[in-house]
Amino acid sequence: MIHFENVTKRYPGGYEGLSNANFHVTPGEMVFLTGHSGAGKSTLLRLIGLLERCTRGQVLVGGRNLAKVKRRHIPYHRREVGMIFQDHRLLHDRTVFDNVAMPLVVAGLRHQEIGRRVHASLDKVGLLSKERAYPVTLSGGEQQRVGIARAVVSKPPVVLADEPTGNLDPELSQEIMDLFCQFNQVGVTLLIATHDLDLVSRMGKRILTLSHGRLKRDVAGRAS
Amino acid sequence: MKLGRSHLRIDTWVLRHLQVALSSLGRLYRTPLATLMTAAVIGIALALPTGMHVALSNIQQLAGGWDGAATLSLFLKQEVDEKQIIKLTNKLGAHPKLAEVQLINPDIALEEFQRLSGFKGALKALDRNPLPTVLIIEPLQQYSTPEAAEELMTEFNRLAEVDFTQLDLQWVRRFHAITEIARRGVMVIGILLGLAVLLIVGNTIRLEIQNRKSEIEITKLIGGTDAFIRRPFLYNGLWYGLSGGILAWLLVSISLWMLNGPIERLAGLYRSEFDLSAIDFYTLSILLLGSALLGLFGSWIAVGRHLSDIEPS
Ligand SMILES: Nc1ncnc2c1ncn2[C@@H]1O[C@H](COP(=O)(O)OP(=O)(O)OP(=O)(O)O)[C@@H](O)[C@H]1O
Ligand SMILES: [Mg+2]
């Protein structure tokens with residue numbers, strides 16, 4: 001599903017955020033990405049979502065060579081890659097419902113269809129009762145779940161999460177991870193960057209470890 | 001997998017545009033003061049050339065009543081006899097460019113002159129009438145311009161019966177020259193202020209883009225196309241322009257209404273019946289359509305310059 005072949009990302013100024021990375025993620029896999037701060041985790045995820053383009057090598061997502069995706073086609077690529085951020089990136093002047101509906105609105109779905117899917121997605125993250133609320137009135141964990149609902153509402157085959165539990169207590173973090181496992185069980189490919197090594201080891205999934213832009217370790221998950 | 005826009009049904013497309021147009025209108029409505037200020041600046045900028053254009057149209061309309069001034073007097077040769085005069089009068093009467101031909105009989109003219117001047121005795125001493133036969137000719141309205149009237153003059157000068165033709169064009173020519181300059185002036189001012197409107201709308205939209213930066217970033221993150229992100233800003237520009245146009249219309253109409261009383265009184269002093277005419281339908285359509293397009297175009301420029309600067313990170 002996701003192939004990295006000799007991928008290097010050099011930032012303006014010459015610093016290599018990612019150096020010669022090679023790995024691939026099969027469809028339906030759930031993979032954790034760890035490493036020290038500045039190791040290149042966000043860089044790697046940004047390459048998959050086409051927030052950046054690699055300097056050398058090839059990134060393939062779903063068989064698509066991202067180097068060949070023209071600028072005007074990037075939005076259509078992003079519709080197939082759900083992205084979740086530590087700072088949620090919600091719109092604070094819109095309700096929970098409207099935030100979650102955004103990916104469907106930009107894709108031009110019909111009104112009734114949008115309502116149906118948003119409700120299903122909010123139901124999955126347990127926030128159906130908050131659909132009329134504004135994000136500022138929600139707790140950090142709830143805001144993160146709104147972000148997750150938005151990332152999965154259009155049923156993308158790939159979901160990326162960059163430190164989704166960064167600000168949450170262990171219990172909430174575990175809840176979020178359970179949610180990801182549920183998505184994974186229905187076939188979504190997940191790539192989750194996190195510092196929380198305890199949580200990662202408990203999950204028993206495949207772990208990619210980065211250090212100074214290089215892929216240092218690739219530990220296979222326990223068969224579950 | 002191929003990337004690209006999925007095919008939307010046309011009714012869905014129309015519905016989406018309608019939604020964006022209305023929500024953009026709603027957004028402007030929720031910040032009435034800021035919207036009104038922008039619309040007022042645009043309105044004043046557009047009211048100036050519109051008002052001048054309307055004033056000029058009124059002046060030209062007023063001058064329409066003087067177009068008879070482009071009158072030609074054909075002085076006929078002494079040897080031309082009665083029969084030839086009647087033939088010439090009929091011929092000119094059928095001329096396609098002329099509105100009216102009036103024959104001034106020298107005998108009647110002389111009598112009138114005697115009566116009015118009091119030189120009765122002195123004129124009696126003349127053995128024959130010294131006055132020539134004169135044909136007063138009034139061209140049709142569209143041939144009353146200096147150029148056309150002059151052409152007619154050369155044409156008539158070539159007639160065998162005509163001694164010479166007189167055409168007093170001086171002030172007609174001056175008047176046309178002045179209105180021509182004024183018309184150009186209005187056009188130049190219109191273009192300059194149109195550019196000003198572009199800048200006003202462009203700057204307003206630029207600020208809106210800055211204010212909604214995070215919204216734009218997030219929309220790009222979740223797969224919003226440039227067209228999708230652009231659309232609400234374009235509609236904003238359109239609404240700004242159109243509301244400015246409507247305001248300009250109101251400003252000009254109110255000014256005309258306020259001027260109408262004094263002008264009627266002035267016209268009364270000159271025993272003239274002159275009514276200020278308001279903005280006609282054609283001018284109004286141009287004003288509203290033009291203002292909306294200026295708004296749209298101004299916002300298009302701003303969006304083109306500033307939207308691509310905003311990329312999510
Ligand atoms: N836009 C940029 N321009 C220049 N250098 C950058 C840019 N973004 C990231 N870097 C550098 O690339 C390296 C990797 O950054 P990245 O954000 O991928 O790290 P990370 O593993 O996500 O770290 P953290 O855990 O702190 O989020 C860092 O040293 C960072 O300074
Ligand atoms: Mg990071």
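In what follows, chains carry the letters A, B, and so on, assigned in the order in which the sequence lines appear, proteins first and then strands, with residues in each chain numbered from 1.
Only the backbone of L90(A) comes within less than 4.5 Å of a heavy atom of chain B; no side-chain atom from C-beta onward does. When heavy atoms are compared at a cutoff of 4.5 Å, M83(A) approaches chain B solely by way of its side chain, counted from C-beta outward. Using a 4.5 Å cut-off between heavy atoms, V81(A) does not touch chain B at all. For R94(A), the part lying near chain B is the side chain, with the backbone staying farther off; criterion is any non-hydrogen pair under 4.5 Å.
With respect to the salt-bridge test (charged N to carboxylate O, under 4.0 angstrom), the residues R89(A) and E217(B) do not qualify. Electrostatic pairing of R71(A) and E311(B) counts as a salt bridge here, judged by a charged N lying under 4.0 Å from a carboxylate O.
Results of the side chain to side chain contact (heavy atoms under 4.5 Å, CB included) test with P103(A) over I222(B), L221(B), T219(B) single out I222(B) as the only residue that passes.
Considering all non-hydrogen atoms of both residues, P312(B) and L51(A) come closest at CG-CD2, 3.8 Å. Shortest non-hydrogen contact noted between K220(B) and R78(A) is O-NH1, 2.9 Å.
Here OG of S214(B) is found 8.0 Å from CG of D93(A). Values are rounded to the nearest 0.5 Å. A distance of 8.0 Å separates CD in Q19(B) from NE2 in H111(A), rounded to the nearest 0.5 Å.
Residues T225(B) and V106(A) fail the side-chain proximity criterion, which asks for heavy atoms closer than 4.5 Å.
Taking a 6.0 Å sphere around CZ of F97(A), one finds it holds more than 12 heavy atoms contributed by other residues, nucleotides or ligands. More than 12 non-hydrogen atoms from other residues, nucleotides or ligands lie less than 6.0 angstrom from CZ of R53(A).
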**OP:** Go through L91(A) and R212(B) one step at a time and tell me if the side chain to side chain contact (heavy atoms under 4.5 Å, CB included) criterion holds.
**Re:** CA-CA 10 Å; L91(A) 286 175; R212(B) 294 168 70 181; over 6 Å; no

